[in-house]
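Structure, as structure tokens:
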Amino acid sequence: MASVGNTMLRNRRIEGNAQKSSSFDKLDRENVRKAEKLPGLGVFLMAAAFYMSIWLLVYCRRRTFPEPLDEFHAKSTDFMEVRARAHLEKLADLGPKVAGSASNFAAENYILNEVKKIRSAAHHAHEVDIDVQTVSGSFVLDFDSIGLGHYTSVYENQHNIVVRLRPRISSNHSLLVNCHYDTVIDSPGASDDAVSCCLMLETLQVLSREEKPLEHNIIFLFNSAEENILQTSHGFITQHKWASSVRAFVNLDSAGAGGWELLFQTGCPENPWLIETYILSVPRPCASVFGQEIFQFGLVPSDTDFRIFRDFGHIPGLDIANIRNGYVYHTRNDLPHNVEQGSMQRGGENLLALLKALVSSPNFVDPGEFRHGSLVFFDFLGLFMIAYPAELATILNCIIIVLVVITSYWSCKEHGESVRWPVHLLGAVLLILLTWTVIVVVAVMMGLLLTWLGKDMSYFNYQFNIIWIFIFPALSAGLTLHIMLKESLYRQWDGWQAASLYQQANLCVWAVILAILTYQKIMSAYLPCLLMTGPLHSWILSRCLGKDFKEPINVVCTVLGGSGLAVTYFLYIHQELMSFFIPITGRQGSTGKPDIPIAVMATLPVTLLLPFQVGIIYVSEGMWRVVRGLLLLTAVGLLTVIFTPLGFPYSSSGTALQRLFLVHSDRQFHSKSGEVISHDAQLWLVPLDHQGLTPLLKEKPHLFKNSSRTECTGTYCGRPFLYPMLSRMDLSKSVDLPAPYLNIPRVAVSLINTTHPAPLTHRMTFEMRGPDHVTIFFTPHPGVHVLEWSFGHGAPVTINTLPDMEGDTHFIYYSYGEPPSIPWNFTIDFHVSPGAGQDFIVDMAFAGHYLHEPNQWTDTMTRCAQELPHWIVPVGWTATFDSFQF
């Protein structure tokens, strides 16, 4: 009897499973009608309104600033923007402050005088020590992460203003806060970095007037040569008498004007107590470990003094910068009016609170166990900060992954014990990956199409073009794919079942990504973790609602509402990414195709968020109307970009300008005996973006009447490069215009002697005089390589060049502040293989750069600049170039 009963039980189970499978596979017309009763266009518009509302919320929030304080609305111990802005106006009025220029020394004198005033008015609880440091030295930086190679820097007689605020009962421990008051060529540098120096002056004044003494010292470093690639910060941290007392630092810099200041690097790289102190003290936080990893992975083509303090001083610190409105960065438009009212108040209040908290922190002198470990940290709309240890992040990530495994098991269980649901789940996972691929491919194809049509960078001035040239096509492609799947692969399915399937499949995809990022110890894994909370919340809610969840409107509301928090944060990050990287495409060099990375970045919301919402497609009808509407808008937008001024990438209003190096160069090529065998001069026009000179050629063709394309001949292409940018330049987009010879002093160089300290070793000793900025390039001949030299530390290093250039090329950047009293002497040891170097062993070139008055501009340059359209911002200087064979 037991055997018969068991057999009947098994048959009933099999019959029940078959019924479940049958109900799963056959068309349930009643459910389909129920699932497809929502109008697709209405649902799409509701979702669009949902996302647009969040986008506008984030946009408005980003532009919220505190009211600037003045003497009538603040105490003497409050930070006042009105005083800081007065400093800003005066520093900006000095014009460009290139290291070594008269205006650079004028800025030094202004800051020094203001510091002396602060010292005279300081409360008796404090001591204010002032030191003007003169530094000389050399070092090497590795720029391989941004494709430049290794960069060697040598500096002489540069200045630092170093101010120490300390309690009368002296402390042996100091906090360093740093800014730089020098600028690049032709830029008044209001935001980069006069704003930071003004914040420091005002903060120093406020702290010095407080009755309560500080627990430890604060050193305010105003350095004069950061734009010479971080020179004087190196001089301070390696040579100053107070440097050994520094326990932590705060570096202030800028890559844009105004906006919220962003904490984007922290630690050394650990020291979690620093970010914890920031969180507890700063009233208006803005920080992200995601920004830190973007910067440290080499995705941003720049660097700050943070690197010097970290790598040469081995000190933990915080790196803070303004990054909004990068269009004016390093241009003549970097003026005080581009720094919004209230942004300095915000930055100053944050800085004041942070410095106080750091010097009073129990971890400041000896962090102990808080010296080790890393934190995941991020702010939410600048309202509050979230931070937790990397170890806890690993645990949280694993919990999320386990929850996905549980929901996947539950999903398979509730849809029957047959193998069909797991197979469909795997198929949906692959289709989500296909969705991503389709979206990215379409975005890239649009970027390639625009580049081929010569309409690349159409987003540069009119950022809203991104919507119809990238976002609408990508969204159309994703929707089309799933509408086709709905009508073919899932035509027999209940809409709720398809929505549930893709919800689960999406969780599985992100669980795998989260597991990979966690294993690689990438702290930005918090982003997928955040994105997954919405679908998990929806899954839990659907189980609580039971069958009612199958109502299409519940599917829509739960999917949108459940992801609201994560979408808000993601759009918050995405807005900042776009506003930061779009201006960079105007100065990243003329190689590459910027529309492709911008297209991929712009469509990230579609790529990442559409699969979360894809279930809506399966419970709606009439979605083809949405696709046709999007394609129509894409076509209209594309035609507008191609045939109207809305597609022109630049603006004459002073914002989105094309950057152009305008260099009046005078070149001499010397024989081995030193005689000049070739001499020429030209105006060298070098565009700094992918558009090149094509727009200028169309508008001002007469300028190019006698032009010739720039050719690459000689050491480092025989051109007076100021920075090692050759690997990022397409010289075919540069031109030479006829110009007279220059009547300015050239770099005077001579080979003093050659000795042989060891077999096959040639030690060459050189003597050089020149202007305050000189770049040296040299390439040993085959069979010759460099053993040692007298600058930098460690083995001699090379710079990246063009793929077809043979041999290693070395690049040395030399500068001085005060003119040295004696010539600069340096030595290079070459190893010469037997049979090599019969005639000469090295090609060397010396470029002397006049980056400021009185020899910066010539009449020829001025006439050319006056001919340029208003949408071009020229950066001009004169340069001599002398090539030798030794």
Side-chain angles (χ1 to χ4, degrees), residues 137-144 148-154 667-678 712-721 724 726-727 746-770 774-814 822-848 880-886:
S138 62
F139 59 96
V140 174
L141 290 176
D142 178 1
F143 284 135
D144 270 340
L148 299 181
H150 291 76
Y151 175 95
T152 304
S153 184
V154 182
R667 305 188 304 168
Q668 291 185 358
F669 296 85
H670 301 257
S671 66
K672 184 179 179 181
S673 62
E675 296 177 356
V676 177
I677 57 177
S678 176
C712 179
T713 57
T715 306
Y716 211 65
C717 283
R719 295 289 166 168
F721 281 94
L726 179 58
S727 60
R746 313 186 72 85
V747 176
V749 60
S750 60
L751 175 62
I752 297 177
N753 61 57
T754 301
T755 60
H756 303 278
L760 305 180
T761 298
H762 293 233
R763 173 171 293 170
M764 293 184 170
T765 301
F766 298 89
E767 180 179 276
M768 190 197 81
R769 279 189 182 275
V774 175
T775 48
I776 305 170
F777 332 93
F778 66 90
T779 303
H781 275 235
V784 180
H785 66 270
V786 183
L787 293 174
E788 293 183 59
W789 54 24
S790 59
F791 31 79
H793 300 280
V797 293
T798 59
I799 205 72
N800 291 349
T801 56
L802 301 179
D804 57 348
M805 294 181 68
E806 296 182 359
D808 293 334
T809 298
H810 303 266
F811 187 107
I812 295 93
Y813 185 104
Y814 168 82
I822 59 173
W824 177 45
N825 285 9
F826 62 92
T827 62
I828 306 175
D829 287 2
F830 296 96
H831 178 272
V832 182
S833 300
Q838 297 296 322
D839 296 320
F840 46 88
I841 63 176
V842 63
D843 289 318
M844 297 190 74
F846 298 80
T880 63
F881 182 90
D882 289 88
S883 179
F884 300 90
Q885 295 177 334
F886 296 108

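These figures come from a predicted structure and were not determined experimentally. Scope of the values below: all heavy atoms of this structure, side chains included, with no hydrogens, waters or symmetry mates.
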Find the distance between CG (Asp843) and NE2 (His781) and round it off to the nearest 0.5 Å.
-> 3.5 Å
Rounded distance [0.5 Å steps], OG1 in Thr713 versus CZ in Arg719 | 7.0 Å
Can you find a heavy atom in the side chain of Ile828 that is under 4.5 Å from one in the side chain of His810?
-> no
State whether the side chain of Arg667 and the backbone N or O of Gly718 hold a donor-acceptor pair below 3.5 Å, judged by distance alone.
-> yes
Side chains of Phe777 and Ile799: closer than 4.5 Å at any heavy-atom pair?
-> no
Non-hydrogen side-chain atoms of Phe778 and Val786 separated by less than 4.5 Å = yes
With side chains defined as the heavy atoms from C-beta onward, is the minimum distance between Phe846 and Phe884 less than 4.5 Å?
-> yes
Does Thr880 reach the main-chain N or O of Arg746 with its side chain, forming a donor-acceptor pair under 3.5 Å?
-> no
Would you check if there is a donor-acceptor pair between the side chains of Thr809 and Thr779 at a distance under 3.5 Å?
-> yes
Should the ring pair Tyr813 and Tyr151 be called parallel, tilted or perpendicular, given that the plane angle runs from 0 to 90° and is split at 30 and 60?
-> tilted
Indicate yes or no: at least one non-hydrogen side-chain atom of Pro796 is less than 4.5 angstrom from one of Asp808.
-> no
Between Phe826 and Val154, is any pair of side-chain heavy atoms under 4.5 Å apart?
-> no
Would you check if the side chain of His756 reaches a backbone N or O of Thr761 as a donor-acceptor pair within less than 3.5 Å?
-> yes
What about the rings of Phe830 and His762, do their centers lie closer together than 6.0 Å?
-> no
Taking the six-membered ring for Trp and the full ring for Phe, Tyr or His, determine whether the centres of Phe766 and Phe886 are under 6.0 Å apart.
-> yes
Ile776 CD1 to Thr715 OG1 distance, which is reported to the nearest 0.5 Å | 12.5 Å
Heavy-atom donor-acceptor pair, Thr765 side chain to Ile752 backbone, under 3.5 Å | no
Taking atom CZ of Arg769 and atom CD1 of Ile822, what is their separation to the nearest 0.5 Å?
-> 8.5 Å
Do His670 and Asp882 have side-chain N/O donor and acceptor atoms under 3.5 Å apart?
-> yes
Are Cys717 and Met805 side-chain neighbours, meaning at least one heavy-atom pair lies under 4.5 Å?
-> yes
Distance (rounded to the nearest 0.5 Å) between Lys672 NZ and Gln885 CD = 9.0 Å
Side chain to side chain donor-acceptor pair (under 3.5 Å) with Tyr716: which residues, sequence neighbours excluded?
-> none
Compare all side-chain heavy atoms of Leu760 with those of Pro834 and state whether any distance is below 4.5 angstrom.
-> yes
Please report the C-alpha distance between Phe811 and Leu726 in whole Å, then the side-chain angles of each, then the deciding distance to 0.1 Å, and finally whether the side chain to side chain contact (heavy atoms under 4.5 Å, CB included) criterion is met.
-> CA-CA 11 Å; Phe811 187 107; Leu726 179 58; over 6 Å; no
How long is the gap from OG on Ser790 to CG on Asp829, to the nearest 0.5 Å?
-> 9.0 Å
Going through the distances and angles, do Met764 and Thr754 end up as a side chain to side chain contact (heavy atoms under 4.5 Å, CB included)?
-> CA-CA 5 Å; Met764 293 184 170; Thr754 301; 3.9 Å; yes
Grab the two heavy atoms, one from Ile677 and one from Ser671, that are nearest each other, plus how far apart they are.
-> CG2-CB, 3.8 Å
